[in-house]
Student: 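Pasting in a structure now, in C-alpha cells, and then I'll have a few things to ask.
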Amino acid sequence: MGDPVEPELSVAVRNFAAEPPGDWRHILDQARAADAAGIDRIFVVDHLVFGRDLSAYGQPATGGVTGGVQPTGPDGDWLEPLTALAAMAAVTTRVRLATNVLVAPLRPAVLLAKIAATIDVLSHGRLELGVGVGWQEAEYRAVGVPFAERGRVLDETLAVCRALWTTDEVSMSGRGFELDAVHMRPKPTDPGGVPVWLGGRAIPAVARRLATHGAGWIPWGVRTGDLAAARDAMRPLVERHGRDFATVRISAALPTVVADGALDLPRVLADVPRLRALGVSDFRTLARLPRAGAAARDLLDELNGRFREAVAA
C-alpha cells in the first residue's frame, strides 16, 4: 500500500444556473469564502453548448448516469470552466482549483495545454484537471470532433498535454495537429505537469488512461454504496498496465441532504468513515452555496469543521 493521504474536502462552485442569476460574480465571493474557510478544493463543471435532446445524460452507454437528469435545460447558463477558474485563482491564495469534469476532447490539445499551464503558474500550482469524454453528441458536432472517436481523441489530448508540460522540445502528430520540434513555456509548477484526474467507470479504457496519466479517479455514475465493487473492479484493470493502484487517489460524491430548508450536515457526512476505509481521500459535495460571501463562509466553516470531526471519528 502507498502512504496514506490526508482526506480532503472539495466543494462545487456552481458555474451553471437554470435561470440567469443577473450577476455571476457571486462565484468569486464563494471562492473567497472557500479559501478562507480552509476548504481543500473547489471545482466547476463543463458544457460548451446543448442540443435540444438531453436524454443521453441518463444513458450510461453513451457516458451518462443511470436515471440522471441534467441540472438545467438546454437554455441554461453555463460559464466556461477554465475561464471561471482563472478568475477564481485571482481572488484566492491557497484553495486548489479543479474541473469535475472537463470534456477535454472538445478543446484542441495544444490550446488546452497552454491554458492549463497558464492557470497553473498564475495560481502557484493550484490547478487540477478532472477530465472525461462527456455524454452529449451535439457538443462534439458543434466543435467538429467525431463523437464515436471521443475516447481516442482524449487519449491523444492527454498525451499532447503531458508532452508539452514536461518536455522541452516536442514532435508529435495526430488528428488535426502537427508538432514539429515545438517549445511551450512556461511549464506548469510541478515538473510532472498539471495533475490529471480521470472521470469514468471501471472499464479498460478508463483504467488505461488512469494508469498512464491519472493522479486520481473520479468514479463517474457510481453510487457510494457501489463504490467498493467499483474499486475492486478497477484495481486489476489499472495494475494490468503496471501501475500500483494504491498510488491512485479516489474521490467520492457526498449526498446533498436538506432538512427544513438547510443542509443536514450529519447526514451529508455520515458515510465519511466508511468511504475513508475504502480508500477514498477526496470527498466532493455539490451542495448549493449561498451567493452572499458571508453566508457562504458561515456554511463552509461549519461544513469543514464537521468534516474534520467525521474524519477523526
Student: Do Val194 and Asp190 touch side chain to side chain, with heavy atoms closer than 4.5 Å?
Tutor: no
Student: So do the side chains of Val280 and Thr224 get within less than 4.5 Å of each other, counting heavy atoms only?
Tutor: no
Student: Are Arg240 and Leu237 packed together at the side-chain level, in the sense that at least one heavy-atom pair is separated by less than 4.5 angstrom?
Tutor: yes
Student: For the backbone of Gly63 and the side chain of Trp220, can you confirm whether one donor and one acceptor N or O come within less than 3.5 Å of each other?
Tutor: yes
Student: With distance as the sole test, does Asp35 use its side chain to make a donor-acceptor pair with the main-chain N or O of Val95 at under 3.5 Å?
Tutor: yes
Student: Do Phe245 and Pro236 come close enough that some side-chain heavy atom pair is under 4.5 Å?
Tutor: no
Student: If you look only at pairs with a residue in residues 144-154, which of them pass as a side chain to side chain donor-acceptor pair (under 3.5 Å), with sequence neighbours excluded?
Tutor: Glu149-Arg152
Student: For the pair Gln136 (side chain) and Val49 (backbone), establish whether a donor and an acceptor sit closer than 3.5 Å, ignoring hydrogens and angles.
Tutor: yes
Student: Indicate yes or no: at least one non-hydrogen side-chain atom of Ser251 is less than 4.5 angstrom from one of Pro219.
Tutor: yes
Student: Scan the side chains in residues 285-300 for donor-acceptor partners under 3.5 Å anywhere in the protein, sequence neighbours excluded, and list what turns up.
Tutor:
| from | atom 1 | to | atom 2 | distance (Å) |
| --- | --- | --- | --- | --- |
| Thr285 | OG1 | Ala287 | N | 3.1 |
| Arg297 | NE | Asp301 | OD1 | 3.0 |
| Arg297 | NE | Asp301 | OD2 | 2.9 |

Student: Would you call the rings of Trp78 and Phe16 parallel, tilted or perpendicular, where under 30° means parallel and over 60° means perpendicular?
Tutor: parallel
Student: At their closest point, which heavy atom of Leu127 faces which heavy atom of Ala116, and how far apart are they?
Tutor: CD2-O, 3.3 Å
Student: Could you list the residues that satisfy salt bridge (Lys or Arg N to Asp or Glu O under 4.0 Å) with Asp180, not counting sequence neighbours?
Tutor: none
Student: What pairs with Arg276 under salt bridge (Lys or Arg N to Asp or Glu O under 4.0 Å), at least two apart in sequence or on another chain?
Tutor: none
Student: Using a cut-off of 6.0 Å, state whether more than 12 heavy atoms not belonging to Arg25 lie near its atom CZ.
Tutor: no
Student: Can you tell me if Arg243 uses its side chain to pair, donor with acceptor, with the backbone of Leu210 under 3.5 Å?
Tutor: yes
Student: Just jot down the side-chain hydrogen bond (donor to acceptor under 3.5 Å, both in side chains) partners of Asp155, sequence neighbours excluded, or say none.
Tutor: Arg208, Arg209
Student: When rounded to the nearest 0.5 angstrom, what distance separates CG in Asn15 from CD in Gln30?
Tutor: 10.5 Å
Student: Quick one: ring-ring contact (aromatic ring centres under 6.0 Å, His included) partners of Tyr140, sequence neighbours excluded?
Tutor: Phe147
Student: Is the backbone of Asp23 close enough, under 3.5 Å, to the side chain of His26 for a donor and an acceptor to pair up by distance?
Tutor: yes
Student: Going by an N to O cut-off under 4.0 Å, is there a salt bridge joining Asp282 and Arg41?
Tutor: yes
Student: Can any side-chain N or O of Lys187 pair as donor or acceptor with the backbone N or O of Gly192 at less than 3.5 Å?
Tutor: no
Student: Specify whether His47 and Phe50 have parallel, tilted or perpendicular ring planes, treating 30° as the upper limit for parallel and 60° as the lower limit for perpendicular.
Tutor: tilted
Student: I'd like to know whether Val11 forms a side-chain contact (heavy atoms from CB on, under 4.5 Å) with Leu303, so could you lay out the CA-CA distance, the side-chain angles of the two residues, the decisive distance to 0.1 Å, and finally the verdict.
Tutor: CA-CA 10 Å; Val11 173; Leu303 173 62; 4.2 Å; yes
Student: Regarding Arg284 and Asp40, does a basic nitrogen lie under 4.0 Å from an acidic carboxylate oxygen?
Tutor: no
Student: Under 6.0 Å from the CZ atom of Arg274, do we count more than 12 heavy atoms belonging to anything else shown?
Tutor: yes
Student: Give a yes or no answer on whether the side chain of Arg235 reaches the backbone of Ala230 with a donor-acceptor pair at less than 3.5 Å.
Tutor: no
Student: Can a donor-acceptor pair be found, under 3.5 Å and without considering hydrogens, that links the side chain of Lys114 to the backbone of Arg185?
Tutor: yes
Student: Under a 3.5 Å distance rule, please check whether Gln70 uses its side chain to pair with a backbone N or O of Thr72 as donor and acceptor.
Tutor: no
Student: Counting only heavy atoms not in Glu19, do more than 12 sit closer than 6.0 Å to its CD atom?
Tutor: no
Student: Heavy-atom distance under 4.5 Å between the side chains of Trp24 and Asp77, does that happen here?
Tutor: yes
Student: State, with a plain yes or no, whether a side-chain heavy atom of Leu28 is found less than 4.5 Å away from one of Thr92.
Tutor: no
Student: Between Arg96 and Glu8, is the closest basic N to carboxylate O distance under 4.0 Å?
Tutor: no
Student: Would you check if the side chain of Asp120 reaches a backbone N or O of Thr189 as a donor-acceptor pair within less than 3.5 Å?
Tutor: yes
Student: Considering only NZ, NE, NH1 and NH2 on the basic side and carboxylate oxygens on the acidic side, decide whether Arg175 and Glu156 come within less than 4.0 Å.
Tutor: no
Student: What I'd like to find out is whether the side chain of Phe283 reaches to under 4.5 Å of the side chain of Leu275, using heavy atoms alone.
Tutor: yes
